[in-house]
2 protein chains.
Amino acid sequence: MDDATQQDARNTEREQRILDAALTLITHYGYDKTTVDDIAREAGISKGAIYLHFKSKVALFEALVLRESDLLAEELIQRVMDDPQGGTIFSIFGHSLSIFAANPLLKALYTRDRRILGDLFRSISKNTMQEQTFAYGVEFVEQMQAAGLMRQDINPSVLAYLLSALRYGVLTVDDAIEITDAPPIEAVSAVVIDMLHRSFAPEGGDSEAGKQAFMRLIEFGREIIRQRQASRAQ
Amino acid sequence: MDDATQQDARNTEREQRILDAALTLITHYGYDKTTVDDIAREAGISKGAIYLHFKSKVALFEALVLRESDLLAEELIQRVMDDPQGGTIFSIFGHSLSIFAANPLLKALYTRDRRILGDLFRSISKNTMQEQTFAYGVEFVEQMQAAGLMRQDINPSVLAYLLSALRYGVLTVDDAIEITDAPPIEAVSAVVIDMLHRSFAPEGGDSEAGKQAFMRLIEFGREIIRQRQASRAQ
DNA sequence: GTTTGACCAAATTAGGTATTTCAGTCAATT
DNA sequence: AATTGACTGAAATACCTAATTTGGTCAAAC
């Protein structure tokens, strides 16, 4: 390993340390209350050094979101592939529920949680947020229906709305409604997967074409991740 | 009709006018921004007259919630009884979704919408809100399971959580997530009912015992309404 | 007997100023 | 060359006081 490469590795390592620090502080105190100085101290470096890696506080936050979002996507694919009953779009939905629930930053982003996003709540557009959070829009549902992964006799905009509502609801009810002893998210996800499968899986079981479409979907997801990582490395 | 009765009728008529005025203004401008004077003017009477009917602004609001909540319960029972496919707990859930979505005040109460509740957000406890909004808690689900109206092989606290999340999500997603051309709530409710029925109805179709339990549930609801109206009339 | 609206105290808001905080820079240090 | 932290201007916050609003009352009007 030559000097330049070693230098590079140390650089990325420190960048990750900065992002780790930012993640801890922001998810705990919120974006507004977390100062660049706080992040630097938590990462064990000076404030100036932060600016050797990120051109602004917002840029740092965006980099953090990208990192978390890629990690989540990778973990999601991993879990779906590992799940013996995982070969459906509904299992993707369910596993993503679990993972989102466990990721305070992306959960806050998806649910537009002002307590954590602070001022960013206004400045980041709804679209930006959803791009990073794998929304289930109408177009997506239509594609799934066309690919034979979802029942085609259900109005796609109704189904898309229902999936969004379900996801948003599971991630946010307990903020608004008093829930005595909330069940573990994994248990909820499992029931959700079963429910969606019973209700919206195409009649007649898994077709070979369906499985292929599912694998194309996974591959497509991986491709997106690769592209984003490449464009970030420039 | 003697004088006293006529007087009484005029009195209730005016009380309803006040509540109508309050409903319009509060759902439009929020509780804080709506003054007692505003309500009086909208109802075409003086501020003093308001206090002949309600001892305070909060008492007026509480009376409004009770009225709306009773009306909603009556309409719900009506719709469920009118629906040819209405004889299940899931149709109650679905119809209540539609009716809640169409009732800005109770929707705001259930979703704890600060924009409408204003200061009341803090002063009204979570429990009070839910009492008036027909929550689907664990105990309720357990009762439904015991009565044979819901599958018994599903963890009641998971199911209760899921139902709450679904309801909360459907009523609030569009506040947080960009939804292009949201479908009509009736269409969503229909799909929700079908989904819940496929997923959580007991195996083996509607039993006679199930139907009886359902009718007991309806009768129980009516009884609650009667009691509340009686206690209000004193 | 009813209903009104002027009236009051309490609370909220407006407006303005002093103080502090903080993102971002860069000369000095290592 | 890499890193630091004192420094700066802009922005947010705290603080104060004056002005306004508003829930609730009650003597006067109807």
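Given the structure is predicted, the values throughout are model-derived calculations rather than measurements. Each chain gets a letter, A, B and so on, in the order its sequence line appears, and its residues count up from 1.
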(message) Taking the nucleotide of DNA chain D with the nearest heavy atom to each, does A/His53 or A/Lys33 sit closer to the 5' end?
(response) A/His53
(message) If the cut-off is 4.0 Å, is A/Lys47 near the phosphate of D/dG5, judged by side-chain N/O to OP1 or OP2?
(response) no
(message) With heavy-atom distances below 4.5 Å as the criterion, would you say the side chains of B/Glu74 and B/Gln78 are in contact?
(response) no
(message) Just by distance, no angles: are the side chains of A/Ser189 and A/Ser98 close enough, under 3.5 Å, to form a donor-acceptor pair?
(response) yes
(message) Heavy atoms from C-beta onward define the side chain here; which of D/dT4, D/dT22, C/dC22 lies closest to that of A/Ala49?
(response) D/dT4
(message) Nearest whole Å is fine: how far is C/dG24 C1' from A/Phe61 CZ?
(response) 19 Å
(request) Calculate the interatomic distance between A/Ile18 atom CD1 and C/dG24 atom P; express it in whole Å. (result) 14 Å
(request) Assign the ring pair A/Phe100 / A/Tyr110 to parallel, tilted or perpendicular, where the plane angle (0 to 90°) is split at 30° and 60°. (result) tilted
(request) Report the nucleotide, chosen from D/dT4, D/dG24, C/dG24, that has the shortest atom-to-atom distance to any side-chain atom of A/Ile45. (result) D/dT4
(message) Looking at C/dT2, I'd like to know if its phosphate oxygens (OP1 or OP2) sit under 4.0 Å from a side-chain N or O belonging to B/Arg14.
(response) no
(request) Among D/dT3, D/dG23, C/dG24, find the nucleotide with the atom closest to the side chain of A/Ser46. (result) D/dT3
(message) Rounded to whole Å, how long is the line connecting atom CG of A/Asp37 with atom P of C/dT20?
(response) 18 Å
(request) Using whole Å, report how far CD1 of B/Ile39 lies from P of D/dG23. (result) 8 Å
(request) Answer whether the closest heavy-atom distance between the side chains of B/Leu64 and B/Phe54 falls below 4.5 Å. (result) no
(request) Measure the CG-CD1 distance between B/Leu76 and B/Ile99 for me, rounded to the nearest 0.5 Å. (result) 4.5 Å
(message) What is the separation between atom CG on B/Asn11 and atom P on C/dT3, rounded to the nearest whole Å?
(response) 7 Å
(request) Among the candidates C/dG24, D/dG5, C/dT3, find the nucleotide nearest to the side-chain atoms of B/Leu52. (result) C/dT3
(message) Of the listed nucleotides (D/dG5, C/dG24, C/dA23), which one gets closest to any side-chain atom of A/Val36?
(response) C/dA23
(message) From OH of B/Tyr29 over to C1' of D/dT22, roughly how many Å is that when rounded to an integer?
(response) 18 Å
(message) Between P on C/dA23 and CG on A/Asp32, what's the gap in Å once rounded to a whole number?
(response) 10 Å
(request) Quickly work out the A/Lys57 NZ to C/dC22 C1' distance and round it to whole Å. (result) 8 Å
